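It should be emphasised that the depicted structure is a prediction, and the values quoted were computed from it without experimental measurement.
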Amino acid sequence: MKGQVGVLRAVGRVVTPVLIFTLLSGTAWTGRVTVARVDVDPALHSGDVALIQVAHGTAWTVAADLTSAGATEVATFDSVDVVTARVTDRALATIATDRAVQRATNDARVMAVGGGKNHPDLDSVGNASTKDSIGIAAIDAAAAWPLTTGAGVVVALMDSGISTHPDLPTGKVIARVDLVNDGAPGLDPAGHGTHLAGIIAGQGTTFRGVAPDARLVDIRVLDAGGAGTLHEVVAGFDWLLKHRAALGIRVLNLSFGTTQTSSYHADLLAALAESAWFAGITVVAAAGNDGADAGTVSTPGADPFIITASSFDDQGTRAEQDDRESAFSSRGPTMDGFTKPDVLAPGRRVVSLRAAGPQVAVAPTHGTARDTTSANSLYTRMSGTSVSSAMVSGVAALVLNIHASYTPTKAKGAILAAGRSITGSPTKAVLAPSAVLMSPRTVNSGLFPSRLLMTALAQSGLVGNGTTWEGVTWEGVTWESVTWESVTWEAVTWESVSWEGVAWERTSVTQHSAGGASE
């Protein structure tokens, strides 16, 4: 990627991210936001990796100044106006006095949504059964195939990579980018992404995914242990937004996350997920594997707009009466009080593709995977809501194949329209045929987009002064009628919270074809 000098790896224990942005203390959401100048996080010290939010158009200048001040491994991500660097004392002084710098904070880590914090081996949580899941049969995927197989739909997988595999034929993965650059052997040294790719779009003679004719884009942001930095995720979204239209990306699967510690309005991962959502990409995220306690849903899955998937256990049988929500599945409400997850899909003991190479599964602290036969097997078993999110991403591909004009909101409404009940759970399980055939239900009504996202739109020229949003119906009046191709994403900046309203007269309204990335 242009300007990317290197990707840094955080050292030591996994920590909850210190997010770049914070809300004003005591500020309530009324549709009008006050500006507060941001500054340097006091936890940032010489030798640390810094994520530096800068004013629009200044990333390259700030990067050059930091390099002159002795910072190393400097990288610029100009489409999201972020500079990263390992800082020195001189560089910290430069950051603190540079008017272009909005905020600087430590880099942080995200994890593949695998093993929960209390139960790293999810195969054994909540059920003594050793039967493998019946997989996509539990969502009746094959019954939808006479109508749709996902042909023409491109699903981006932001994960640990996608390995070559006999069940991922030539042409299945249409583009790859490695933002980790750690020198690990193979295209997917963790095995996590390959397993999910098989569930979404496997196309073998004996193994098929939910949407076997969908194609894939591999955005590698997680290392061989299933971990990544916020730096790498920012780079992933930078790449996604720049290439989404050319590649025709319609679905994004996010099977990583971290603990939610703030409102989604002040959460960078949520803002990034929404940037893809409102750019026309249906975003599916894993809820997490931290169990039934309220508030355990990880971010970005805690964002109210996107589709958040959690796991049910089919007990390895076709009988629906014994299906139960997995004991490890994270639950809401979120910190903002939203009900999550949105939908359930199989996530315990699910068999899919095994990555080629010496490392075939994410580390025990990050996920659960087991070979089904021997060290030479083409298949492996995994448990966790990562698997569930891949199932739902596959269903999204089926829906968008047959309903090419659907926006992400309509795709979400279709997936949630007519699922089946799971005993003891308020959340329904997805059914592929119903998602394809039923009229979408109303979803996301009355929500306000992330304040951070609105700031990004301000910098892209879609915000004007003097507009208030009390009483505005966001669905149908605003977001659904905006042509997001009119947004120059390379000009978007992720500054601190600052917006007064959206000047929609500066946008246009058009219909997009099936291959378009925005609607």
Candidate pair Ser310 and Thr427, rule side chain to side chain contact (heavy atoms under 4.5 Å, CB included), full reasoning:
CA-CA 9 Å; Ser310 219; Thr427 307; over 6 Å; no
Could you please spell out the steps behind the side chain to side chain contact (heavy atoms under 4.5 Å, CB included) verdict for Lys410 and His403?
CA-CA 9 Å; Lys410 284 189 176 180; His403 301 289; over 6 Å; no
Minimum heavy-atom separation for [X] and [Y], please, with both atom names.
X	Y	value
Ala279	Leu241	CB-CD2, 4.3 Å
Lys340	Lys412	NZ-NZ, 4.4 Å
Ser263	Asp336	OG-OD1, 2.7 Å
Gly135	Asp314	N-OD2, 4.0 Å
Arg349	Ser383	N-OG, 2.8 Å
Ala397	Val155	CB-CG2, 4.0 Å

Heavy-atom distance under 4.5 Å between the side chains of [X] and [Y], does that happen here?
X	Y	result
Val217	His243	no
Asp218	Leu157	no
Val297	Gln260	no
Val430	Phe312	no
Ile281	Leu240	yes
Ser352	Met382	no
Leu268	Val234	yes
Tyr264	Ile306	no

For the atom pair [atom1] ([X]) and [atom2] ([Y]), what is the distance rounded to the nearest 0.5 Å?
X	Y	atom1	atom2	value
Asp159	Leu196	CG	CG	5.0 Å
Met158	Trp239	CE	CH2	9.0 Å
Leu254	Ser389	CG	OG	8.0 Å
Phe278	Thr407	CZ	OG1	10.0 Å
Ile249	Ile219	CD1	CD1	5.5 Å
His195	Arg381	NE2	CZ	9.0 Å

Distance-only side-chain donor-acceptor flag, [X] / [Y], under 3.5 Å:
X	Y	value
Ser386	His192	yes
Asp267	Ser262	no
Asp188	Ser160	yes
Ser330	Asp290	no

Checking Phe237 against Phe77 for the ring-ring contact (aromatic ring centres under 6.0 Å, His included) test, could you report, in this order, the C-alpha distance in whole Å, the side-chain angles of both residues, the deciding distance, and whether it holds?
CA-CA 10 Å; Phe237 277 93; Phe77 304 102; over 10 Å; no
With no hydrogens and no angle check, is any side-chain donor or acceptor of [X] less than 3.5 Å from a backbone partner on [Y]?
X	Y	result
Glu232	Thr229	yes
Asp313	Ser326	no
Asp48	Ala50	no
Arg244	Ala276	no
Ser298	Ala287	yes
Ser311	Gly347	yes
Arg250	Gly248	no
Thr334	Phe338	yes
Ser393	Ala390	no

Test side chain to side chain contact (heavy atoms under 4.5 Å, CB included) on Thr76 and Val54; report intermediate values, then the result.
CA-CA 10 Å; Thr76 60; Val54 300; over 6 Å; no
Would you call Arg220 and Asp182 a salt bridge, using N to O less than 4.0 angstrom?
yes
Side chain to side chain contact (heavy atoms under 4.5 Å, CB included) between Arg215 and Val154: does it pass, once the steps are laid out?
CA-CA 5 Å; Arg215 294 182 295 169; Val154 177; 4.3 Å; yes
Have a look at Trp277 and tell me which of Asp303, Thr282, Leu252 forms a side-chain contact (heavy atoms from CB on, under 4.5 Å) with it.
Thr282
